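Just so we're on the same page: letters track the sequence lines, and every chain starts at 1. Values in this document were obtained by computation on a predicted structure and should not be read as measured data.
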There are 2 protein chains.
Amino acid sequence: MTPRILIVEDEDALALLLRYNLEAEGFHVEVIMRGDEADLALREQLPDLLLLDWMLPGISGIELCRRLRARPEAERLPVIMLTARGEESERIRGLKTGADDYLVKPFSIPELVARIHALLRRAAPSRVASLIVVGDVELDRSARRVRRAGADVHLGPTEFKLLEFLMSHPGRVYSRESLLNNVWGTDVFIDDRTVDVHVGRLRRVLNRGRKADPIRTVRGSGYAFDERFGR
Amino acid sequence: MTPRILIVEDEDALALLLRYNLEAEGFHVEVIMRGDEADLALREQLPDLLLLDWMLPGISGIELCRRLRARPEAERLPVIMLTARGEESERIRGLKTGADDYLVKPFSIPELVARIHALLRRAAPSRVASLIVVGDVELDRSARRVRRAGADVHLGPTEFKLLEFLMSHPGRVYSRESLLNNVWGTDVFIDDRTVDVHVGRLRRVLNRGRKADPIRTVRGSGYAFDERFGR
DNA sequence: ACACCGTGTCACAAAACTGTCTCCGAAACG
DNA sequence: CGTTTCGGAGACAGTTTTGTGACACGGTGT
């Protein structure tokens, strides 16, 4: 249940500091100090999040990240890169390699923690594959079924796809345009506002007789499934 | 949402050709023909990509690029240098100055377009690195959400963009004019004082029931997000 | 042929947001 | 101090954006 974080960092002091703080934050932390050892360990088991130093003995963080991204099961593993200031100019390369986020040393622990939470929140659902659960809303892709507080909720095909897409990245805001592209498809010519109507219908049936609405309207931007919903 | 490209090129014919083709490609193009004017313009607002001629009246492209790289907020701005054949030997100097790519005239438009797309793609993740944290204020771009001490704070679109801009360079003081350019856009005609009103609204909702105010007013100059805030 | 369901669009109402004004106190200035 | 300049706050009217009921259309099963 508690997220597992793997730290790959060769500096003793920093590794210790990170372990201490992240464990205090309630994470299950593991530290490896060499790139090549981390590579081996990652073949055995994937953590929920990887904290990767840029320069490492054995294999560099960049190379490690590149190898990782080549594995389909690690495709969505959140990776945060740590770099010293001098290496900063290469940050573009770092992100291109597939890191999800990027911190320049020295960084503040609260900031790191915030970023970890943000990435975990976003990554969580995708690894569960067929069942997405947020708060009291469950969506089962393979069974094409949605439940609210355990009770079945009947959705039309479009409403289902819409909810599925929104729930696939809880918290993330999608523009109407993006929703049209991802739910309806890119080749259709449909009015933006149609999205509003479907969101409205989705809400009506999903919230029937309930007060809390898991779908957040973001004025001027679009809609999001509230990842904090029910917490 | 369409990427904005600034072309700095003193040759009429080439400038026109570029504008025509890049606009056809769907970019929002602006052309400036003098180096010194470009320098001024770049202080006001940064484009998404800069197309820079090597030789320019006023300030040379090299110098412009060097100045640009000295500014932290312009660090990631993709820059493509254009050089005449005779200058080609100096390519190393060009890249060393901080250009991300360079093209020798005459070049083919499709190649230019391809490189532009490549650079924009590469630069993209940097803006998606979505979380900014200063003190107890978190701003999550992708979720379009702001939290103060962990609690959600609801901001309107303009307030959000304003805070986003201020927080993207904590400590830096922005004039009202600069804020108008970067938050509202260059093409609007709006009173300076409107910025005050929005800062006021932002403060009210961000500090609700709290004493510490992370936004610093610099009398006679503008506003800044206090980088020491919370430390 | 008919009832039914899911959809896309529209029009109107409600809600949220915006830019400007005015007034007032605070800060600089001599 | 008296004066002037500048920024903060509330009020307000206009605009933009979103929520929603109504409606028409097409497909499907009966």
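Of all nucleotides listed (C:dT20, D:dT18, D:dG8), C:dT20 comes nearest to the side chain of B:Ile190. Closest to the side chain of A:Arg204, out of D:dG21, C:dT9, C:dC17, is D:dG21. Listed nucleotides: C:dA27, C:dC10, C:dG6. Nearest to the side chain of A:Asp191: C:dC10.
One atom, CD of A:Glu159, and another, P of C:dG8, lie 10 Å apart when rounded to the nearest Å. Rounded to a whole Å, the CZ atom of A:Phe160 is 18 Å from the C1' atom of C:dC5. Computed from coordinates, the A:Asp192 CG to D:dT18 P distance equals 10 Å when rounded to whole Å. One can place NZ of A:Lys161 at 10 Å from P of C:dG8, the figure rounded to the nearest angstrom. For the pair A:Arg144 CZ and C:dG6 C1', the interatomic distance rounds to 14 Å; values are reported in whole Å. Atom P of nucleotide C:dA16 and atom CG of B:Leu155 are separated by 15 Å, given to the nearest angstrom. Here C:dG6 presents its C1' atom at 17 Å from CG of A:Leu163, a figure rounded to the nearest Å. Here C:dA15 presents its P atom at 11 Å from CZ of A:Arg219, a figure rounded to the nearest Å.
Contacts between residues 194-202 of chain B and DNA chain C, counted as heavy-atom distances below 4.0 Å, involve B:Thr194, B:Val197, B:His198, B:Arg201. For DNA chain D, the neighbouring residues in residues 174-186 of chain B, judged by any heavy atom under 4.0 Å, are B:Arg176.
The six-membered or imidazole ring of B:Phe165 lies near that of B:Tyr174, with a centre-to-centre distance under 6.0 Å.
In this model, the phosphate group of D:dG8 is approached by a side-chain N or O of B:Arg203 to a distance below 4.0 Å at OP1 or OP2. Contact annotation: B:Tyr223 does not reach the phosphate of D:dC6 (side-chain N/O to OP1 or OP2, under 4.0 Å). Taking 4.0 angstrom as the limit, A:Arg193 places none of its side-chain polar atoms (N or O) nearer than this to OP1 or OP2 of C:dT9. Listed pair B:Thr158 / C:dC17 fails the phosphate criterion, with no side-chain N or O lying under 4.0 Å from OP1 or OP2.
A:Asp140 and A:Ser142 share a donor-acceptor pair across their side chains, judged by distance under 3.5 Å alone.
Between A:Asn207 and A:Arg148, some side-chain heavy-atom pair lies under the 4.5 Å cut-off. Looking only at side-chain heavy atoms (C-beta outward), A:Leu180 and A:Val188 stay at 4.5 Å or farther from each other.
A salt bridge links B:Glu63 with B:Arg66: the closest approach of a Lys/Arg side-chain nitrogen to an acidic carboxylate oxygen falls below 4.0 angstrom.
The main-chain N or O of B:Asp191 is found under 3.5 Å from a side-chain atom of B:Thr194 such that the two form a donor-acceptor pair. Of the possible polar contacts, none joining the A:Arg145 side chain to the A:Leu139 backbone as a donor-acceptor pair under 3.5 Å is found.
None of B:Glu44, B:Gln45, B:Arg176 except one satisfies the side chain to side chain donor-acceptor pair (under 3.5 Å) rule with B:Asn181; the exception is B:Glu44. Considering A:Trp184, A:Tyr223, A:Phe160 as possible partners of A:His198, the one that fulfils the ring-ring contact (aromatic ring centres under 6.0 Å, His included) test is A:Trp184.
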Listing, residues 20-35 of chain B side-chain donor-acceptor contacts under 3.5 Å, not counting sequence neighbours, or none:
from    : atom 1 : to      : atom 2 : distance (Å)
B:Asn21 : ND2    : B:Leu17 : O      : 2.8
B:Arg34 : NE     : B:Asp36 : OD1    : 3.1
B:Arg34 : NH2    : B:Asp36 : OD2    : 2.9

